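A quick write-up on the structure given underneath.
For clarity, every value in this text was computed on a predicted model and none was experimentally measured.
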Amino acid sequence: MGFRPSQAKKILHEARMVMVRRGKIFWSNPRLEVAPRAIIEDVILGFPLDEGDDDGKN
């Protein structure tokens with residue numbers, strides 16, 4: 001997506017904190033470098049990650 005490493009890390013952290021606030025304690029691990037895609041798209045970024053993806057793969 002072209003995010004800088006620090007910006008990507010911040011997005012992941014914010015998404016994980018949303019999950020923790022929703023009662024999903026598993027996501028509180030700071031070493032976890034993944035987050036639910038739906039949370040990132042809807043809550044953090046506000047747009048779908050596939051938008052504008054013209055690599056020819058469907």
Next on the checklist: Main chain of Ala35, side chain of Arg16: is a donor-acceptor contact present, judged purely on distance under 3.5 Å?
Outcome noted: no
Spacing of [atom1] belonging to [X] relative to [atom2] belonging to [Y], to within rounding of 0.5 Å:
X: Met17; Y: Ile39; atom1: CE; atom2: CD1; answer: 12.5 Å
X: Gln7; Y: Lys10; atom1: CD; atom2: NZ; answer: 8.5 Å
X: Leu12; Y: Leu32; atom1: CG; atom2: CG; answer: 8.5 Å
X: Ser28; Y: Met19; atom1: OG; atom2: CE; answer: 11.5 Å

Next on the checklist: With a sphere of 6.0 Å drawn around CD of Glu33, does it hold more than 12 non-hydrogen atoms of other residues, nucleotides or ligands?
Outcome noted: no
Checklist entry - Does Ile40 belong to the same Ile/Leu/Val/Met/Phe/Trp/Tyr cluster as Phe26, with side-chain heavy atoms less than 4.5 Å apart forming each link? => result yes
